[in-house]
Amino acid sequence: MSSSSQAFQAPRGTYDILPATSGTVLAVREALAAPLRRAGYGYIETPVFEDVNLFSRGVGESTDIVTKEMFTLTTRSEESQQLALRPEATASVLRATLEANLHRAGNLPVKLWYSGSQYRYERPQKGRYRQFWQVGAEAIGAEDPALDAELIILADDAYRSLGLRNFRILLNSLGDKQCRPVYRQALQDYLRGLDLDEETRRRAEINPLRVLDDKRASVQDQLGGAPMLVDFLCEECKAYHEQVRELLTAAGVAFEDDPKLVRGLDYYTRTTFEFVHDGLGSQSAVGGGGRYDGLSEMIGGPELPSVGWALGVDRTVLALEAEGITLDVPAVTDVFAVPLGEQAKRVLFGAVTQLRRDGVSADLVFGGKGIKAAMKAADRSGARYAIVAGERDLADGVVQLKDLGSGDQTPVALDALVTTLKEKLQ
RNA sequence: GUGGGUGUAGCUCAGCUGGUAGAGCACUGGGUUGUGGUCUCAGGUGUCGCGGGUUCGAGCCCCGUCACUCACCCCA
C-alpha cells in the first residue's frame, strides 16, 4: 500500500499469501512433493536458522549467497554466536543427517525431502524475494547415476503433473576433484587474458567457473574461445555423466546439454541441472540441483557422495500463470445457510454445526444482513447449495434447499437435511 | 550495491499549457414487505505517498524523501 493510513507493511522483499491465491500455493507444494513421497523420500524439517559457519563452509565463501545475501543474527549469550537465516536447505539437511547419524543406520542413500522458506538479502524483483519457498529433495550417501536420474525424473514428473509444458531441463557435469582443478586452471589462464571489469576479474580468481554464467553480453562475447569443461572431464566423470543421460533418455525425459551451466553454489560436483522457464521475468530457473560429493567432508562429516535439488514454489506459481494454467482448487464451502430472523438463525446455526461435524463444509451469514445481501454472500462463497429458512418454513418443520447452480429450490424436512445434503454432495 | 518506471477512491486507472478531483468495477440500500448470479435506480468515499519550495493558486512545476515495481548483479 502506498497510503500512509497503513501503519505497517510486509518487510521489503516479502509478501503475504492471501486466500485468493493460497489454494494454488498449497496445491503446488503438494504436487511438487507427491512424486518424492512415492519414491521413498522421508519428510524432514530443520531450523530456519543455523550457525552462520554452516553456510559459509557449506555453500561456499566465494558465493554471493554467503558474501552478501545472508540475513544474520547474533545471540544474546556471553559468547555471542552468529546465526543466519537459511539461504538454502541442503547444508541444513546434511547437518541434521550427520547429527542424528542417519547415515549410520545402515541403508544408504538416506532419502529426504523438505518444504519450507529460505531467505536471501537481495534486491527484490519479479520471481525473486527475500523470503521464498522451496520444496527440495536430497539423496545422501550414494554414488550412483541412477540416483541423479531418479531425482531429475521426479522433478520432471512433478512439473508435468501441474500441467507445465514450457520448461526445459539443462544438464551439465562439473567434473570431480580429479579433473575439475585442471580445467579450473585452464579457464583461469584464459580469463586472465580478457578485458573484464574489476569485480568479474576478482570472481575469475576465486571461482572462475561462475564467470561462464555471466549474462552480460560484454562478458559473453569474450567467452567464445574459452576452454570447455566437457573437454577436461576424466574418464570416470564422462562415463558417469553418460549413464545419467542414458537413463533420462530411456525414461523419456528430454534435456539439453549446457556446457556453461555452472550454478552458484560451490559444493556442486559432476551432475548439475536446472529447470528453466521463460515466464519468470528476468529469472529463469524454476528449480535446480546437482551432485555434491564433497559437501559432507566440508562441514566435518565423513565422505558421503550425495545429490539433490530444490524447486521454487513461488516461481512455479509464476510459471503456471505464464502458461495460463489454473489449478482446480476445490471450493471451500459446499453449503451456505441464510436464516431469516432470530429463531431461524438458531436453528440453522445448529444445522451448520451438525453439517460440519459430519464432514460437510458449511458456512452461514453473519452480522444481520438483509436477505438480498445474504443470498449474495451465499453466491460468493462458491457453495453449491443454500439453505434458506424463515418462520413459515420452520412452522412446517422444513427448510428451503436451493441449488445455487440451477436456481431450483425445494423444501426439505429439517431432520432429513444433513443426510439429504450428504447424498447430494457425493 | 547500480540504473529505469510508478505512487490519485477498497481495486484498475483517467485527470489537457497549473484554476481547488473523476470513471469503471466493488460496496450499501431500493425496484422485489422471503431469495444470489442478469437488469435498473439511488448513495458514500480521497491528507492526490510524505516533507519542503515556486505561485494569487500545485494532483500537475522544482528539490528532497519513502514505498512499490522492473532490470543489472545473483539465483529457487
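Order of the sequence lines sets the chain letters (A, B, ...), proteins ahead of strands, with each chain counted from 1.
- Using a 4.5 Å heavy-atom cutoff, the side chains of A:N172 and A:D257 are not in contact.
- The base-pairing partner of B:rU6, taking Watson-Crick or G-U wobble contacts with both distances under 3.5 Å, is B:rA67.
- By the neighbour-count criterion of 12 heavy atoms within 6.0 Å, atom CD of A:E391 is sparsely surrounded, having that number or fewer from other residues, nucleotides or ligands.
- Comparing A:L280 and A:A373 against RNA chain B, the residue whose closest nucleotide sits nearer the 5' end is A:A373.
- Phosphate proximity of B:rA76 to A:T316: absent, as no side-chain N or O sits under 4.0 Å from OP1 or OP2.
- Contact annotation for A:Q400: base contact, defined as any heavy-atom pair under 4.0 Å involving a base atom.
- Donor-acceptor pairing under 3.5 Å, judged by distance alone, is absent between the side chain of A:R380 and the base of B:rG37.
- At a threshold of 4.0 angstrom between heavy atoms, the contacts of A:Y129 include nucleobase atoms, whether or not backbone atoms are also involved.
- In this structure, A:W133 forms no aromatic stack with the base of B:rA76, since the conditions of centre separation below 5.5 Å and plane angle below 30° are not both met.
- Checked by distance alone, A:K372 brings no side-chain donor or acceptor within 3.5 Å of a matching partner on the base of B:rG34.
- Counting atom types as modelled, A:D379 pairs a side-chain N or O with a base atom of B:rG36 as donor and acceptor under 3.5 Å.
- Counting atom types as modelled, A:R12 pairs no side-chain N or O with a base atom of B:rC66 as donor and acceptor under 3.5 Å.
- No hydrogens or angles were tested; on distance alone, a donor-acceptor pair under 3.5 Å links the side chain of A:Q125 to the base of B:rC73.
- The aromatic rings of A:Y43 and A:W113 sit tilted relative to each other, their planes meeting at an angle between 30° and 60°.
- A ring pair (Phe, Tyr, Trp, His ring centres under 6.0 Å) with A:Y129 holds for exactly one of A:Y121, A:Y15, A:Y119; it is A:Y15.
- A:G136 comes within 4.0 angstrom of no nucleic acid atom, judged by non-hydrogen atoms across all strands.
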